[in-house]
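Structure first, then comments.
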Amino acid sequence: MKALTSTLLVLFLCLSSVQAGGRVKQRFGVGARYHAEQHTELEVAFDDESTYGLVYEYHEGNTFWQLGAQYGTGLGSNEVDYVITPEINLMLTDGAWRGGIGALATYVSTDEDSDWSDIYYQLILGFDVPLGGLALSIQAAYTFEDFDNLGDFDFDELDWAGYLSYQF
């Protein structure tokens, strides 16, 4: 079932990007993400922790790819030395609003072990505040492991992120 879910996600991402056209924009940004504790869906290294990250966005029309990576150290309650979480998202925009879906995995390093998590997914909803050549992006993300379990949605498990991006 996971293979079918992953295949459908890849097809959706590819087909959604086909409609892109018009002027190309690129943005590079820095920011932070607050990771809520997960009770229902994922077993991840985050327990009400914050990470810092970089994002790159490639915009064509109302669609854009967002590539990013989060980094966090000393995630105390989980005895984690550091985590690195790369992600890829396909986003759609409508005015200031943005929403999309993405995939990510987390590399977790502890004193005893280091390993990658399984790939998991996120639904994203947010908005952009233009500031001249800069933009402030605020977004909420719901992370989940399997599309079959979306019925277990819990608002307490939303991650929050903010990025300041420069358009070039």
Side-chain angles (χ1 to χ4, degrees), residues 5 8-42 44-72 75 83-106 117 119-147 149-168:
T5 301
L8 290 174
L9 176 64
V10 168
L11 285 173
F12 169 75
L13 293 174
C14 291
L15 289 174
S16 297
S17 66
V18 168
Q19 68 89 28
R23 194 171 66 118
V24 172
K25 298 186 298 185
Q26 299 179 62
R27 295 193 331 190
F28 182 76
V30 297
R33 179 170 177 161
Y34 168 76
H35 300 268
E37 183 177 1
Q38 297 287 320
H39 298 286
T40 59
E41 184 62 31
L42 290 173
V44 293
F46 308 113
D47 182 11
D48 292 327
E49 308 284 349
S50 295
T51 57
Y52 305 96
L54 301 171
V55 294
Y56 167 78
E57 297 177 356
Y58 181 82
H59 293 248
E60 284 190 61
N62 291 336
T63 306
F64 67 94
W65 287 101
Q66 183 182 64
L67 305 170
Q70 302 290 321
Y71 176 77
L75 304 180
V83 296
I84 300 171
T85 306
E87 63 183 270
I88 182 170
N89 305 306
L90 180 64
M91 306 288 286
L92 303 172
T93 62
D94 184 15
W97 291 98
R98 54 179 34 205
I101 189 165
L104 54 167
T106 300
S117 71
I119 292 175
Y120 54 103
Y121 308 99
Q122 61 185 351
L123 293 174
I124 304 165
L125 181 63
F127 62 93
D128 249 7
V129 178
L131 305 168
L134 300 175
L136 177 62
S137 300
I138 306 294
Q139 54 193 38
Y142 181 71
T143 56
F144 57 97
E145 202 168 45
D146 191 350
F147 286 90
N149 297 336
L150 280 177
D152 295 336
F153 178 85
D154 185 353
F155 280 103
D156 292 337
E157 295 181 355
L158 286 177
D159 292 353
W160 294 92
Y163 294 96
L164 184 61
S165 302
Y166 173 73
Q167 181 175 311
F168 56 97

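- When all heavy atoms are compared, the tightest approach of Gly126 to Trp97 is O-CE3, 3.3 Å.
- Relative orientation of the Phe153 and Phe155 rings is perpendicular, given thresholds of 30° and 60° on the angle between their planes.
- Closest non-hydrogen pair, Tyr142 versus Phe144, comes out as O-CD2, 3.5 Å.
- Atom CZ of residue Arg33 and atom OG1 of residue Thr85 lie 8.0 Å apart, to the nearest 0.5 angstrom.
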Problem - Trace of the side-chain contact (heavy atoms from CB on, under 4.5 Å) decision for Gln139 with Gln122 - result: CA-CA 12 Å; Gln139 54 193 38; Gln122 61 185 351; over 6 Å; no

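- One distance of note links CG of Leu136 with CG of Leu164; it measures 6.5 Å at 0.5 Å rounding.
- Atom OH of Tyr56 has more than 12 neighbouring heavy atoms from other residues, nucleotides or ligands inside a 6.0 Å radius.
- Here the OG-CD distance, from Ser137 to Gln66, works out to 7.5 Å after rounding to the nearest 0.5 Å.
- For the pairing with Glu57, the side chain to side chain contact (heavy atoms under 4.5 Å, CB included) check across Gln167, Arg98, Gln26 returns one residue only, Arg98.
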Would you please test Asn62 and Leu92 for side-chain contact (heavy atoms from CB on, under 4.5 Å) and show each step? CA-CA 6 Å; Asn62 291 336; Leu92 303 172; over 6 Å; no

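- Here the shortest heavy-atom pairing between Gln70 and Gly53 reads OE1-N, 3.8 Å.
- In this structure, the side chains of Asp128 and Arg27 come closer than 4.5 Å at one or more pairs of heavy atoms.
- Looking only at distances, a side-chain donor or acceptor of Asp154 sits under 3.5 Å from a matching main-chain atom of Asp156.
- Looking at heavy atoms from C-beta onward, Leu90 lies in side-chain contact with Thr63 at the 4.5 angstrom threshold.
- Between Tyr71 and Thr51 the shortest side-chain heavy-atom distance does not fall below 4.5 Å.
- The CE atom of Met91 sits 12.0 Å away from atom CH2 of Trp65, with the distance rounded to the nearest 0.5 Å.
- For an aromatic pair to be called close, the ring centres must be under 6.0 Å apart, and Phe147 with Tyr121 satisfies this.
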(message) As a quick check of understanding, evaluate side-chain contact (heavy atoms from CB on, under 4.5 Å) for Ile138 and Val129, giving each step before the final call.
(response) CA-CA 8 Å; Ile138 306 294; Val129 178; 5.8 Å; no

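- Side-chain atoms of Ser117 come within 3.5 Å of backbone N or O of Thr106 as a donor-acceptor pair.
- Counting all heavy atoms, side chain and backbone alike, Gly102 lies closest to Asn89 at CA-OD1, 3.1 Å.
- Residue Tyr52 places its OH atom among 12 or fewer non-hydrogen atoms of other residues, nucleotides or ligands, all under 6.0 Å distant.
- The two residues Leu158 and Ala36 have their closest heavy-atom pair at O-CB, 3.4 Å.
- Nearest heavy-atom pair across Ile119 and Ala103 is CG2-CB, 4.2 Å.
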